[in-house]
Visitor: 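The structure under discussion is supplied below as structure tokens; questions concerning it will follow.
Each chain gets a letter, A, B and so on, in the order its sequence line appears, and its residues count up from 1.
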2 protein chains.
Amino acid sequence: MSVRGSKTGRPVMRVLDVLGRRWSLRVLWELRDGPLTFRGLRDACDDVSPSSLNQRLTDLRALGVVEAGEDGYALTSAGRELAKLLLGLSRWAEAHVR
Amino acid sequence: MSVRGSKTGRPVMRVLDVLGRRWSLRVLWELRDGPLTFRGLRDACDDVSPSSLNQRLTDLRALGVVEAGEDGYALTSAGRELAKLLLGLSRWAEAHVR
DNA sequence: CGCGTTCGCTACACATTCCGTAGCAAAGGA
DNA sequence: TCCTTTGCTACGGAATGTGTAGCGAACGCG
């Protein structure tokens with residue numbers, strides 16, 4: 001399978017593509033404070049359907065931001081850096097939304 | 001219509017929801033260097049279908065990050081701050097993706 | 001061991017979303 | 001006038017996401 005969207009293959013395009021799918025950003029967000037089990041993630045993410053969650057976890061693992069470990073799913077070191085950006089997103093949201 | 005996803009109404013959830021739709025992040029990315037017309041955005045975004053683009057622009061305008069002006073669509077000041085985070089995302093991508 | 005619970009995950013049918021194409025009315029140029 | 005380009009909508013089909021049920025494996029407990 002090729003990357004959906006841009007055909008340039010530029011890294012940023014691949015990232016925008018994967019993160020622009022439902023639950024991607026949310027999963028990253030929920031993992032920001034440590035690992036969660038599959039079931040735990042489901043609970044954290046408004047009971048997302050297991051099929052969708054599994055698909056998203058597959059995508060995120062392929063991107064190298066999430067990995068499956070002893071106590072469930074966790075961010076990789078790269079993923080933790082990405083999560084820092086999400087923290088900025090959260091601050092932005094608190095300041096500008098509603 | 002209410003916010004899809006989280007029922008808490010927390011700002012960050014609303015943002016994760018809107019940005020987690022296809023083309024949202026990409027549109028923000030393509031507007032980072034200045035305004036683009038509807039057609040210009042379409043060209044920049046791999047010829048996204050006009051229906052999808054229009055839907056996304058509606059979402060992003062509702063979120064307050066994009067506005068329609070004289071020379072097409074542009075980021076609001078809040079949107080420009082958001083775009084800065086995307087720049088960090090781009091740097092992250094160059095460093096960690098393939 | 002046996003029994004129940006929880007785990008990660010899959011199957012499958014249904015619903016929503018997205019897409020591609022066509023095309024409209026309005027604005028501009030020649 | 002006629003041709004082009006604009007922003008945008010309509011609509012049917014394709015892709016994606018959803019909800020429910022349930023599997024086999026691993027656990028706790030007696």
Side-chain angles (χ1 to χ4, degrees), chain A residues 1-8 13-31 34-63 65-76 79, chain B residues 1-8 13-31 34-63 65-76 79:
Chain A
M1 309 299 163
S2 76
V3 176
R4 192 178 62 177
S6 172
K7 289 148 192 78
T8 69
M13 292 305 169
R14 170 145 161 73
V15 172
L16 292 180
D17 177 50
V18 172
L19 297 188
R21 288 169 161 134
R22 209 175 168 187
W23 300 114
S24 291
L25 291 169
R26 179 66 177 274
V27 165
L28 254 45
W29 175 255
E30 299 298 348
L31 288 178
L36 283 176
T37 64
F38 190 92
R39 234 89 163 182
L41 262 178
R42 238 168 85 67
D43 294 345
C45 296
D46 299 326
D47 274 336
V48 53
S49 71
S51 19
S52 302
L53 178 56
N54 195 43
Q55 185 63 59
R56 227 43 30 164
L57 285 171
T58 301
D59 298 342
L60 292 172
R61 268 185 295 177
L63 195 65
V65 296
V66 165
E67 64 191 351
E70 274 300 308
D71 37 355
Y73 292 93
L75 298 177
T76 63
Chain B
M1 309 301 163
S2 76
V3 176
R4 191 178 63 177
S6 172
K7 292 151 191 76
T8 68
M13 293 305 169
R14 169 144 162 74
V15 172
L16 291 180
D17 177 50
V18 172
L19 298 188
R21 290 171 162 129
R22 213 178 164 185
W23 300 114
S24 291
L25 290 170
R26 180 67 177 274
V27 165
L28 254 44
W29 175 255
E30 298 297 348
L31 288 178
L36 284 176
T37 64
F38 190 91
R39 233 89 167 183
L41 263 177
R42 238 167 86 70
D43 294 345
C45 296
D46 298 325
D47 274 336
V48 53
S49 71
S51 19
S52 302
L53 178 57
N54 195 44
Q55 185 63 58
R56 227 43 26 156
L57 285 170
T58 301
D59 298 342
L60 292 172
R61 267 185 295 177
L63 195 65
V65 295
V66 164
E67 63 190 350
E70 274 300 309
D71 36 356
Y73 291 92
L75 298 176
T76 62

Visitor: Among D:dT9, D:dT18, C:dT10, which nucleotide sits nearest the side chain of B:P50?
Guide: D:dT9
Visitor: Which heavy atom of A:V66 sits nearest to which heavy atom of A:R61, and what is that distance?
Guide: O-CG, 3.0 Å
Visitor: Could you give the CZ-to-P distance, from A:R56 to C:dG8, as a whole number of Å?
Guide: 18 Å
Visitor: When you measure from the side chain of A:Y73, which nucleotide among D:dT18, D:dC8, C:dG8 comes out closest?
Guide: C:dG8
Visitor: Tell me: CD of A:Q55 to P of D:dA15, nearest whole Å?
Guide: 15 Å
Visitor: A:L41 CG to C:dT6 P: how many Å, rounded?
Guide: 19 Å
Visitor: Let me know the distance between CZ of B:F38 and C1' of C:dA27, rounded to the nearest Å.
Guide: 17 Å
Visitor: Which listed nucleotide (C:dC19, D:dT18, D:dC8) is nearest to the side chain of A:R22?
Guide: D:dT18
Visitor: Round to the nearest Å and state the distance from B:L53 atom CG to C:dT17 atom P.
Guide: 18 Å
Visitor: Using OP1 and OP2 only, check whether a side-chain N or O of A:N54 sits under 4.0 Å from C:dG8.
Guide: no
Visitor: Hey, does the side chain of A:R56 reach the backbone of A:S24 with a donor-acceptor pair shorter than 3.5 angstrom?
Guide: no
Visitor: Any chance you could measure B:L19, atom CG, to B:L25, atom CG, to the nearest 0.5 Å?
Guide: 5.0 Å
Visitor: A:R42 CZ to C:dC7 P: how many Å, rounded?
Guide: 11 Å
Visitor: What is the distance from CH2 of B:W23 to C1' of D:dT16, rounded to the nearest Å?
Guide: 15 Å
Visitor: Consider the side chain of B:S52, meaning its heavy atoms from C-beta on, and name the nucleotide among D:dG7, C:dC18, C:dG8 that approaches it most closely.
Guide: C:dC18
Visitor: Please name the pair of heavy atoms, one in A:P50 and one in A:F38, separated by the smallest distance, quoted to 0.1 Å.
Guide: O-CZ, 3.7 Å
Visitor: Regarding B:R26 and B:D46, does a basic nitrogen lie under 4.0 Å from an acidic carboxylate oxygen?
Guide: yes
Visitor: Report the distance from atom CZ of A:R39 to atom P of C:dG8, rounded to the nearest whole Å.
Guide: 7 Å
Visitor: Between D:dG19, D:dC8, C:dC19, which one does the side chain of A:S51 approach most closely?
Guide: D:dG19
Visitor: By nearest heavy atom, map B:T37 and A:D47 onto DNA chain D; which one lands nearer the 5' end?
Guide: B:T37
Visitor: Closest to the A:S49 side chain: D:dG19, D:dG17, C:dG8?
Guide: D:dG19
